[in-house]
Amino acid sequence: MAQMEGYRLPNLFTIGSYKVFFWSNENDEPIHVHIADHNPKANSTKVWITKRGRTLVCNNNSQIPSKDLRKLLVFIEANSKENGRRKENE
């Protein structure tokens, strides 16, 4: 698990130097993940995940270069859709 200011954050993926993680309680926000370069930060890039497994960048506060962000979004979508297929087959 990643750590930030005394909090342990569930790390979903590490892709190169990027950490894809989530907070366990963000109230009424849509399903989303955060992306940070190297270490999770409070104001990291936020990506919403739609019901169909597509991604929507809410903000790019981590200032991830466009080329890298596109690759990360493709990876997140592929894994989101795979998880959706597993749930349908259960």
Side-chain angles (χ1 to χ4, degrees):
M1 276 189 201
Q3 296 224 0
M4 184 185 73
E5 301 171 20
Y7 295 98
R8 293 170 52 103
L9 306 173
N11 186 42
L12 297 172
F13 308 107
T14 300
I15 305 164
S17 64
Y18 295 103
K19 304 283 185 195
V20 179
F21 64 98
F22 66 94
W23 293 89
S24 62
N25 181 10
E26 289 198 272
N27 301 320
D28 297 327
E29 287 196 61
I31 295 172
H32 64 279
V33 295
H34 298 271
I35 307 171
D37 194 9
H38 296 289
N39 297 315
K41 297 168 187 65
N43 206 15
S44 298
T45 295
K46 183 185 290 187
V47 176
W48 287 335
I49 302 172
T50 70
K51 290 179 183 178
R52 294 181 182 233
R54 302 293 306 224
T55 56
L56 177 64
V57 177
C58 177
N59 69 58
N60 188 9
N61 291 340
S62 297
Q63 299 179 349
I64 298 170
S66 296
K67 183 178 178 182
D68 291 347
L69 187 56
R70 280 191 300 274
K71 289 178 183 177
L72 291 162
L73 296 177
V74 167
F75 184 85
I76 292 167
E77 285 184 7
N79 283 279
S80 177
K81 290 175 185 173
E82 179 62 28
N83 286 335
R85 280 195 289 273
R86 281 189 203 139
K87 288 180 183 176
E88 288 173 4
N89 292 329
E90 290 179 352

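Side-chain atoms are counted along with the backbone in the values below, which use heavy atoms only and exclude waters and symmetry mates.
Residue pairs meeting the ring-ring contact (aromatic ring centres under 6.0 Å, His included) criterion with at least one member in residues 57-76, sequence neighbours excluded, are F13-F75.
Heavy atoms only, all atoms of each residue included: N39 and A36 are closest at O-CB, 3.4 Å. The minimum heavy-atom distance linking F21 with N11 is given by the pair CB-CA, 4.1 Å.
With values rounded to the nearest 0.5 angstrom, I76 atom CD1 is found 6.0 Å from I15 atom CD1.
Counted within 6.0 Å of CD1 on I31, heavy atoms from surrounding residues, nucleotides or ligands total 12 or fewer; the atom is thus considered open.
Residues that satisfy the side-chain hydrogen bond (donor to acceptor under 3.5 Å, both in side chains) test with H32, not counting sequence neighbours, are E26, H34. L56 meets the side chain to side chain contact (heavy atoms under 4.5 Å, CB included) test with W48; sequence neighbours excluded. Partners of K51 according to the side chain to side chain contact (heavy atoms under 4.5 Å, CB included) rule, which considers only residues two or more places apart in sequence or in another chain, do not exist here. Checked against salt bridge (charged side-chain N to carboxylate O under 4.0 Å, His left out), R54 has the following partners two or more places apart in sequence or in another chain: E77. Not counting sequence neighbours, the partners of S17 by the side-chain hydrogen bond (donor to acceptor under 3.5 Å, both in side chains) test are D37.
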Distance-only criterion, 3.5 Å: show the donor-acceptor pairs between side-chain atoms of residues 58-66 and protein atoms not counting sequence neighbours.
residue: N59; atom: OD1; partner: K46; partner atom: N; Å: 3.3
residue: N59; atom: OD1; partner: N61; partner atom: N; Å: 3.2
residue: N59; atom: OD1; partner: N61; partner atom: ND2; Å: 3.2
residue: N60; atom: OD1; partner: T45; partner atom: OG1; Å: 2.7
residue: N60; atom: OD1; partner: Q63; partner atom: N; Å: 3.3
residue: N60; atom: OD1; partner: I64; partner atom: N; Å: 3.0
residue: N60; atom: ND2; partner: I64; partner atom: O; Å: 3.0
residue: N61; atom: ND2; partner: N43; partner atom: OD1; Å: 2.8
residue: S62; atom: OG; partner: I35; partner atom: O; Å: 3.0
residue: S62; atom: OG; partner: T45; partner atom: N; Å: 3.0
residue: S62; atom: OG; partner: T45; partner atom: OG1; Å: 3.4

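V47 and V74 fall into different hydrophobic clusters, where Ile, Leu, Val, Met, Phe, Trp and Tyr are joined by side-chain heavy atoms under 4.5 Å apart, directly or via other members.
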